Every structure is written in C-alpha cells, then in structure tokens.
Number of protein chains: 2
Amino acid sequence: MLVHNNTIPQTTHRVIVMTDVHGRQGPETRTRILDAAEALFAENGLDATSMRMITGRAGVNLAAVNYHFGGKDGLIQEVFRRRLTELNRRRLVALEALQRAADGAPLRPSSIVKAFFGTALEMAADMDGGGARFLQLMGRTYTGPNEFVRNFLAEEYAECVDRFLTELYRALPDVPREEILWRFHFMMGATSYAIGGADALQLFTGEFDDRDPARLEPRLMSFLLGGLRGALPDGGGQATQARRSAA
Amino acid sequence: MLVHNNTIPQTTHRVIVMTDVHGRQGPETRTRILDAAEALFAENGLDATSMRMITGRAGVNLAAVNYHFGGKDGLIQEVFRRRLTELNRRRLVALEALQRAADGAPLRPSSIVKAFFGTALEMAADMDGGGARFLQLMGRTYTGPNEFVRNFLAEEYAECVDRFLTELYRALPDVPREEILWRFHFMMGATSYAIGGADALQLFTGEFDDRDPARLEPRLMSFLLGGLRGALPDGGGQATQARRSAA
DNA sequence: GCTCAAATCAAACGATCGTTTGAATCATAC
DNA sequence: GTATGATTCAAACGATCGTTTGATTTGAGC
C-alpha cells in the first residue's frame, strides 16, 4: 500500500518508525535517500539534481523517493526540515541558557548573536562535513527563487527568529526595532557567505587558503557585532553608537 | 549563415553592430532576449527557466537564442556580462575620483566601501527596476552551485575587487590583510541579502513594509562600516578597534 | 532586378525529466 | 504454511528540456 495519498499532501508521513515494525534495511532507505539528496542538492542545486542522481547515489530504486516522500517536493521539504529543526532547537537551548543565567536582566547583544549565528557555525563544523554542506545549501535556498521552499524555510524559521529578535529588542532599547530587524537580516547574509562562500572568496586571491573553521567563528562574530553596534544612520546623529542601556 | 561555429565557442560574437548593417528589428532581437532572460532568470533561477519561456516572453523564435548566443550557456554569460561590466566600470570611476581627490593619501574606508557597495545599490535603484532584478540574480548566482557561471562571475569581478582591496589595505594598514579580505567577503554577503532578500525579511514580521531604497543605503552602509571597523578577533586584544592610521 | 548573406521561422530531434504502474519480494502475525 | 501489509523493483508513461535542421524571409550592394 502506498504511504502517500495524493489528495492530502502533508509534511508528516504515516510511516514514522520503521525499525520497530520491519527490520532489515527498511530504516536505511529513507536516511540514505535524505543523505544523498542533501549532498547532491548542495552540490548542484535543487533543480539540477534529478531523482535518478539521488537514487543512484543512495543505491535505492528510483520509485523509492515517491514511495517514502510522495515526490521530489516532499523530499526537498524533509531534507531541510530534518536539519533545520535540530539547528533551531540548539539555538533555543542556547538562548534559554542565557536567559536563565541573566535572571530577567537584558542579555548582552554579543551573547544573543553568538547563540544564533555561532550555533550555525558549530553545526557547520559538526556532522562530519555534512553540516557545512547543508548550511551552504540553506543559505542559497533562502534567497533563492523557489518560492515553495522559501516559504517553507521562513515558516520553520519564524518562531526561533522571533524569540531572538525579542531578546535583541530588549538588549538594545535605544535602537529602533526596524534598524535591528534590518541588521539581523544583514547578519544572516554575512553568515551565509561565511559558511558557503569560501570557494568564492579564494577566487579573488589565488594563493589564499586560510579556511580554518576554528578561525572563522571569531572572525565572523567580530564583524557581526561591529555591524550590529555600528553608528546609526541618522536618527541619533552620525557619531551615535548603537549601545544597549544596561551593562 | 550561422553566427557561431561549434568548434570555437567564444564569448565575443562576430555580430557586434547590427543596426548599421540591417535595420528593421534586427537589433531588437538580441536585446529583447537578454531582457526577457534577465527577468526570468531572476524570477525562477537559471535552471528553472527554459528557452521556450525566454523566447516566448521576448516574442522571438525559439531558435533565435542559439543563433545569437550559441546556446543557453552563451545567453547566460551575456546576461551577466552586459550588466556586470557596466557596474564595475562605475565602481572604478568612483574609486578613481576618490584617488584623484586624495592626491596620493590613503582613502577613508567609508569612502571605499561606499564606492563599491553604494554603487551597487545605486544600480539597483536605477534601470527602472531592472537593476534590482539583476543584482538579486547575481547575488544568488555568486554563491550558487553552477560552477560555470560562478567562475565567469569571479573572472569578471577579479580586477575590480583587486583594485578596491588594494585601497582597503592602504586605508587600514594596522589590520591584517586576511582579516580585511574576510570582512570584504562578509560585506558582499550582507549586501547581497540587502538587495535581494527584502521579501525574505518580511516573512519574519508580517506587517513590516519599510523597503524604501533611499533608506536602505544608509542602513546598509552603517552596518558595513561597523563590521569593517569592528574589534579585531584577538590579534590585538578584544578592545582593539580596527582603525586606519592616517586621518 | 538580381545576388547573397543575415535573420527568422516551423518542425522535429534525441535526451532526460518526475511520476506511475503492477508485479515481485520481504518480514511478520496467525 | 499461509495470509497480509509494507517495501522494493523493472519498466514504461507523457511532458518538457536544449538543440538542430532546412526552408523562407529580409534588406542592402551592385
């Protein structure tokens, strides 16, 4: 029997736990497809990656994708959901740890930025290279043309971003919220390029090769914090720094 | 006779000036194709845009693309080359104006940043909306998976970026060049999101709508300059600001 | 008016795309 | 062992892709 009915396409599938029911290599199939798809999507893009490339690398039958995910779109959604849920979970864990330590007081902007963007860099270093691949893919897709995936990503992001923005508003009460929102957006762009664009960077300078992930984190953080606390455009005079009120 | 020989695929085509030779609507065809392709590429991405969509919108025959550009790849190259050459030309004009005014002295970092990234924002506002479309497309493609186009973009960018980096090195002699290089990369990411990701931003906040291009420029510049002059990671202590030596 | 090369056109090419089908295989429950 | 439902499989589906072909139209040069 098919897992998916074509009348109600949904994200969550009826088949959740397969190891408990049918042993053998049933559970591997889904994971193998997801891993292969993630790597190929990051390598070639969503459109340029065919089902046959995915099933070929995964070593499964072509029809397996439609059986397990209902189609290519379903597979794409699941590839993103799998990692993004975990990433945002870690982010919120880090944020809540900060909130507990602060005991009601506004958080330091640097701590908030580190909890959000630093966690992404951690994930990029984790997962034996798979994390960097995925985050590179996500950075591309977020501003990409595929409206279907973009809306899905925004939906998955919404709650987590909202929580962090709320804390940033509290941490920088003197900075207009619109300004903070924009700068958060700029920080996402810088981070996206930091994770995914090391290849692009080296194109400018032939002999450049310092892509140590351990050194990337402080580099990006310095830039992000400098940008976040940069002089406000004109609302408070050109020399006004965007500083939080509480120490 | 065909314009392109399949033995030597080249960027520059034999047909350069068509208005002078054949009047009617010969010259329009190339431009109409480029305009339609640019809009559709930005809308759907390179892969998801078919030749039939392009020729359909342009109102020309399907084979016209292969005739004038030698194929889809040739068309893509020309779409980027047309605008990118003009953008980098304006950037270098702005830089040379600064150099003349400085009379040998190091330039102000803010001036350099403005000449490079501000010119992009100007172009995004120009060209009756076409500029924003193109720059959005370019921001996506630069970190995109298509290696063919990425290499081409890097090649077109190389000289201009090199000139600006040289000036930045002079303006910030106390900052390690690697650091400046990375921050330049981060600035490109922030700018890319600033230009192309306004839609993505509003997904976070339903009622957000302040996308006035005139207000975007000072916003982005404040962020970029703050990031560029942010505290150095650790080479000079955490409190060390990355300031230029000459006033 | 005739020539000829540039340009446009309708039509078709082979390849590959995502998806569907129906039978075969597997592991479990009775 | 047999029935049952989940999973895998080979094969084919129609659609669309980028490209090519060969004839036709166009307009300047003589």
Side-chain angles (χ1 to χ4, degrees), chain A residues 1-7 9 13-33 36-37 40-41 44-56 58-77 79 146 148-149, chain B residues 1-7 9 13-33 36-37 40-41 44-56 58-79 146 148:
Chain A
M1 174 189 281
L2 284 180
V3 176
H4 299 269
N5 48 6
N6 48 8
T7 59
H13 303 111
R14 223 173 291 164
V15 178
I16 301 177
V17 184
M18 283 166 298
T19 323
D20 302 344
V21 182
H22 303 293
R24 252 193 81 83
Q25 58 185 6
E28 282 192 21
T29 301
R30 261 184 72 102
T31 307
R32 296 244 301 278
I33 292 176
L40 287 169
F41 285 156
N44 316 309
L46 301 180
D47 291 315
T49 300
S50 69
M51 308 268 286
R52 286 165 180 83
M53 293 166 64
I54 297 171
T55 54
V60 302
N61 188 272
L62 171 61
V65 173
N66 285 280
Y67 177 76
H68 284 283
F69 303 97
K72 191 178 183 181
D73 283 351
L75 171 61
I76 293 175
Q77 265 191 258
V79 164
N146 192 330
F148 159 67
V149 187
Chain B
M1 173 188 283
L2 284 179
V3 175
H4 300 269
N5 49 6
N6 48 8
T7 60
H13 302 111
R14 223 173 291 164
V15 178
I16 301 177
V17 184
M18 284 166 297
T19 324
D20 303 342
V21 183
H22 303 293
R24 250 191 83 84
Q25 57 185 7
E28 282 193 23
T29 302
R30 261 184 71 101
T31 307
R32 296 242 301 279
I33 292 176
L40 288 169
F41 284 156
N44 315 309
L46 300 180
D47 291 313
T49 300
S50 69
M51 307 269 285
R52 286 166 179 83
M53 293 166 65
I54 297 170
T55 53
V60 303
N61 188 271
L62 171 61
V65 173
N66 286 279
Y67 178 78
H68 284 283
F69 303 97
K72 192 179 182 180
D73 284 350
L75 171 61
I76 293 175
Q77 266 192 258
E78 186 59 21
V79 164
N146 192 328
F148 159 68

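Letters go in sequence order (proteins before strands), and every chain restarts at 1. On a predicted model such as this, the values are computed, not experimentally measured, just so you know.
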d(CG, B:Asn44; P, D:dC17) in whole Å: 11 Å

Note, B:Val65 side chain near B:Lys72 side chain (heavy atom, < 4.5 Å): no

Sugar-phosphate only, base, or nothing, as touched by A:Thr55 at under 4.0 Å among non-hydrogen atoms: nothing

Base-contact (B) and sugar-phosphate-only (S) positions in nucleotides 10-15 of chain D, heavy-atom cut-off under 4.0 Å, - elsewhere: B-B---

For atom NE2 of A:His68 and atom P of C:dT19, their distance in whole Å: 15 Å

pair B:Glu78-B:Arg30: side-chain heavy atoms closer than 4.5 Å: yes

Interatomic distance where CG belongs to B:Asp47 and C1' belongs to C:dT16 [whole Å]: 13 Å

d(CG, B:Asn66; P, C:dA10) in whole Å: 16 Å

Nearest-angstrom distance from the residue atom CE of B:Met53 to C1' of D:dT19: 18 Å

Per A:Tyr67 side chain, nearest of listed nucleotides D:dA6, D:dG18, C:dT19: D:dA6

Atom-pair distance (CE on B:Met51; P on C:dA10), nearest Å: 16 Å

Residue-phosphate contact under 4.0 Å: B:Ser50 side-chain N/O, D:dT16 OP1/OP2: no

Any A:Thr29 side-chain nitrogen or oxygen under 4.0 Å from OP1 or OP2 of D:dT7: no

Distance in Å, A:Leu46 CG paired with A:Asn146 CG, rounded so as to fall on 0.5 Å steps: 6.0 Å

Validation row: B:Phe41, B:Ile54 side chains within 4.5 angstrom (heavy atoms): yes

Nearest-angstrom distance from the residue atom CZ of B:Phe148 to P of D:dG18: 14 Å

Spacing of B:Arg30 atom CZ relative to C:dA7 atom P, expressed in whole Å: 10 Å

